[in-house]
> 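Okay, handing you the structure first.
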Amino acid sequence: MSQSLHPMLNIAIKAARAAGAVINRASLDIEKVQVESKGVNDFVTEVDKHAEAVIVDTLLAAYPGHGILAEESGRELGAKDSEFLWIIDPLDGTTNFIHGFPVYAVSIALAWRGVVQQAVVYDPNRNDLFYASRGRGAYLNDRRLRVSKRLRLADSQIGTGFPFRKGDNFKRYMKMFEEISQQCAGLRRPGAASLDLCYVAAGYYDGFFETGLSPWDIAAASLIITEAGGLIGNFSGEADFLYQREVVAGNPKVYGQLVNILTPYTRVIKEDDKGTAPTEAGPDATDAFVAANAETAAAVPADKKPRKAIKVSGPRTPKQR
């Protein structure tokens with residue numbers, strides 16, 4: 001890479017490539033991979049767990065005082081009171097992986113005081129490395145990324161993801177799907193949200209929307225999109241999306257048109273809805289999300305506690321720790 005990278009971004013890239021090597025080795029003999037079910041249509045493999053361990057070990061070796069929020073281990077590892085939080089999906093697109101469908105990725109983001117600062121999404125199949133540092137642009141390998149310039153939704157290609165977990169509102173999603181599919185040039189659903197969002201940043205898609213996503217699916221790609229000149233938010237067009245299980249993204253023109261369609265379908269939980277005062281985004285918000293995730297996995301109705309999102313705008317990472 002020709003440009004000088006932030007040291008924390010360098011560590012994230014090192015971790016992502018190491019996880020990618022684990023995934024690529026396992027992909028050579030998919031039939032031997034052990035698969036477990038976390039819930040209906042929600043799978044985890046030994047590869048997810050091994051890749052996550054490699055990532056966490058690499059990050060904590062460099063920054064032992066940092067916090068961790070990872071898909072498989074939650075908040076079990078790392079510091080619990082750090083202003084720095086690594087948000088990790090070791091294998092986004094597990095279902096694709098176990099079927100040999102080559103669309104999956106490693107996603108790693110670093111948030112400081114609740115604001116995403118560094119981001120890496122690595123596609124080990126294509127050796128494509130998407131990355132960004134706040135205020136320094138987004139890149140695919142050595143190429144600077146910019147979102148597309150299309151102005152009309154009617155000319156646009158849109159990415160999406162289908163609801164697949166027990167309890168997801170599929171009828172609600174199909175209404176959105178029907179509206180958008182009739183107003184755009186095409187809809188695509190490869191099955192790895194982190195890559196889908198990076199494809200918005202690269203201009204392959206003009207927009208994207210999905211429900212039911214977790215912070216580790218979208219944290220890294222959210223910064224890559226904004227650094228490429230795009231917009232990302234919840235279905236109301238607000239910045240509170242990371243913990244809300246709904247996201248829409250796109251170039252500025254297409255984003256606005258998607259928000260107009262999706263606003264009636266929003267399920268955003270407002271602080272004022274429960275009469276509670278806003279709190280600082282950070283470890284408390286992630287703990288609330290992890291607790292809600294555990295309830296969902298146990299077939300308990302979705303948690304309705306107010307949560308603050310990790311924002312994608314704000315101060316830059318300090319030069320170091």
> Between L151 and I180, is there shared hydrophobic-cluster membership here, with clusters defined by ILVMFWY side-chain heavy atoms closer than 4.5 Å?
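Different hydrophobic clusters.
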
> Hey, does S107 have a side-chain heavy atom less than 4.5 Å from the side chain of L195?
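SC-SC contact between L195 and S107 ruled out.
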
> Side-chain heavy atoms under 4.5 angstrom apart, residues restricted to Ile, Leu, Val, Met, Phe, Trp, Tyr: same cluster for I55 and W86?
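Yes, one cluster joins them.
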
> Looking only at atom types and distance, does a side-chain atom of S236 sit under 3.5 Å from a main-chain N or O of E238, one as donor and one as acceptor?
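Answer holds: no.
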
> With a 4.0 Å cut-off, would you call K49 and E72 a salt bridge?
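No, K49 and E72 are not salt-bridged.
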
> When you check the side-chain N and O atoms of S214 and E71, is any donor under 3.5 Å from an acceptor?
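No, no side-chain donor-acceptor contact under 3.5 Å.
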
> To the nearest 0.5 angstrom, please state how far the SG atom of C184 sits from the CG atom of L258.
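Nearest 0.5 Å value for the SG-CG distance: 8.5 Å.
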
> Using a 3.5 Å distance criterion without hydrogens, assess whether the side chain of N96 forms a donor-acceptor pair with backbone atoms of V103.
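Here the side-chain-to-backbone pair exists.
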
> Between Y265 (side chain) and Y173 (backbone), is there a donor-acceptor pair under 3.5 Å?
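A pair under 3.5 Å: no.
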
> Could you report the tightest heavy-atom contact between L231 and P252, atom names first, then the distance?
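Heavy atoms of L231 and P252 come nearest at CD1-CA, 3.9 Å.
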
> Within the 4.5 Å heavy-atom criterion, are R172 and T211 side-chain neighbours or not?
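They are in contact (side-chain heavy atoms under 4.5 Å apart), so the answer is yes.
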
> Decide yes or no on side-chain contact (heavy atoms from CB on, under 4.5 Å) for I13 and R17, but give the supporting numbers first.
CA-CA 6 Å; I13 290 172; R17 288 196 182 279; 4.0 Å; yes

> Measure the CD1-CD1 distance between I108 and I11 for me, rounded to the nearest 0.5 Å.
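One gets 10.5 Å once the value is rounded to the nearest 0.5 Å.
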
> Quick one: does H6's side chain have a donor or acceptor within less than 3.5 Å of a partner on M8's backbone?
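A pair under 3.5 Å: yes.
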
> With hydrophobic residues grouped by side-chain heavy-atom distances under 4.5 Å, do F209 and V147 end up in a single group?
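No, separate clusters.
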
> Measure the SG-CD1 distance between C198 and I224 for me, rounded to the nearest 0.5 Å.
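With rounding to 0.5 Å, SG (C198) is 4.0 Å from CD1 (I224).
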
> Donor-acceptor pair, S82 side chain versus F84 backbone, under 3.5 Å?
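Such a contact is found between S82 side chain and F84 backbone.
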
> Spell out, as yes or no, whether a donor-acceptor pair under 3.5 Å connects the side chain of K80 to the backbone of E76.
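Flag set: sc K80 to bb E76 pair under 3.5 Å.
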
> Closer than 3.5 angstrom, by distance alone: can the side chain of E52 be matched with the main-chain N or O of D89 as a donor-acceptor pair?
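A pair under 3.5 Å: no.
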
> Please evaluate residues I218 and L197 with respect to the criterion side-chain contact (heavy atoms from CB on, under 4.5 Å), reporting the C-alpha separation (whole Å), side-chain torsions for both, the decisive distance (0.1 Å), and the verdict.
CA-CA 8 Å; I218 55 181; L197 289 164; 3.5 Å; yes

> What is the minimum heavy-atom distance between I225 and A249, and which atoms define it?
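Nearest pair, atom of I225 first, then A249: CD1-CB, 3.6 Å.
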
> Flag the pair L213 / F241 as yes when at least one side-chain heavy-atom distance between them is below 4.5 Å, and no otherwise.
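Of all side-chain heavy-atom pairs linking F241 with L213, none is under 4.5 Å.
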
> Any ion pair linking R150 and D155 (charged N to carboxylate O, less than 4.0 Å)?
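No salt bridge links D155 with R150.
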
> Between atom CG of D206 and atom OH of Y255, what is the distance when rounded to the nearest 0.5 Å?
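If we round to the nearest 0.5 Å, D206:CG and Y255:OH are 15.5 Å apart.
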
> Let me check something: do V200 and Y204 share a hydrophobic cluster, defined by ILVMFWY side-chain heavy atoms less than 4.5 Å apart, either directly or through other members?
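They do share one cluster, since a chain of ILVMFWY contacts under 4.5 Å joins V200 to Y204.
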
> Taking atom CD1 of I261 and atom CG of L153, what is their separation to the nearest 0.5 Å?
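Going from CD1 on I261 over to CG on L153, the span is 5.0 Å.
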
> Would you name the heavy atoms of V54 and A19 that are closest together and state the gap between them?
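Smallest heavy-atom distance, with atoms named: CG1-N, 4.1 Å.
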
> Under 4.5 Å between any side-chain heavy atoms of K253 and N251, yes or no?
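Yes; the side chains approach each other to less than 4.5 Å.
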
> Keeping the roles fixed (side chain from R126, backbone from P102), state whether a donor-acceptor pair exists under 3.5 Å.
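Yes.
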
> Ignoring hydrogens and angles, state whether a donor on the side chain of Y104 or N125 is under 3.5 Å from an acceptor on the partner side chain.
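There is such a pair (donor and acceptor under 3.5 Å, judged by atom type) between the side chains of Y104 and N125.
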
> Less than 4.5 Å apart, any side-chain heavy atom of V248 and any of I232?
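No. Closest side-chain heavy atoms not under 4.5 Å.
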
> Quick one, W216 with L69, criterion side-chain contact (heavy atoms from CB on, under 4.5 Å). Give me CA distance, side-chain angles, the key distance, then yes/no.
CA-CA 8 Å; W216 43 78; L69 173 63; 4.0 Å; yes

> If you compare all heavy atoms of L262 against all heavy atoms of M176, which two are closest, and at what distance to 0.1 Å?
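Scanning both residues completely, I find the closest heavy atoms to be CD2-SD, 3.5 Å.
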
> Go through the side-chain N and O atoms of E210 and T160 and say whether any donor and acceptor fall under 3.5 Å apart.
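No, because no side-chain N or O of E210 sits under 3.5 Å from a partner of the opposite role on T160.
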
> Give the ring-plane orientation class for Y139 versus Y131, where under 30° counts as parallel, over 60° as perpendicular and anything between as tilted.
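Y139 vs Y131 ring planes: parallel.
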
> Which heavy-atom pair separates A26 from F97 by the least distance, and what is that distance?
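That closest heavy-atom pairing would be CB-CZ, 3.9 Å.
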
> Provide the closest heavy-atom pair for P124 versus N24 in the form atom of the first, atom of the second, distance.
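Heavy atoms of P124 and N24 come nearest at O-ND2, 3.3 Å.
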
> Could you check whether any side-chain N or O of Q157 sits under 3.5 Å from a backbone N or O of A185, counting only pairs where one atom can act as donor and the other as acceptor?
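Flag not set: sc Q157 to bb A185 has no pair under 3.5 Å.
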
> Do the side-chain N and O atoms of D92 and S194 include a donor-acceptor pair separated by under 3.5 angstrom?
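Short answer, yes.
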
> Kindly indicate, with the supporting measurements, whether the criterion side-chain contact (heavy atoms from CB on, under 4.5 Å) is fulfilled by Y199 and F208.
CA-CA 9 Å; Y199 291 170; F208 175 84; over 6 Å; no

> Determine whether a donor-acceptor pair (N or O, by modelled atom type, separation under 3.5 Å) exists between the side chain of E246 and the backbone of F235.
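Checked: pair present.
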
> Out of L140, V120, V121, which residue meets the side chain to side chain contact (heavy atoms under 4.5 Å, CB included) rule with L129?
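Result for side chain to side chain contact (heavy atoms under 4.5 Å, CB included) with L129: V120.
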
> Hey, are the side chains of L223 and R134 touching, using non-hydrogen atoms and a 4.5 Å cut-off?
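Contact flag for L223/R134 side chains = yes.
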
> Does any part of the side chain of Y205, heavy atoms only, come nearer than 4.5 Å to the side chain of I158, both counted from C-beta?
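Side chain of I158 against side chain of Y205, heavy atoms only: no contact under 4.5 Å found.
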
> Working to the nearest 0.5 Å, report the span between NZ of K14 and CG of L9.
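Result: 14.0 Å between the selected atoms.
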
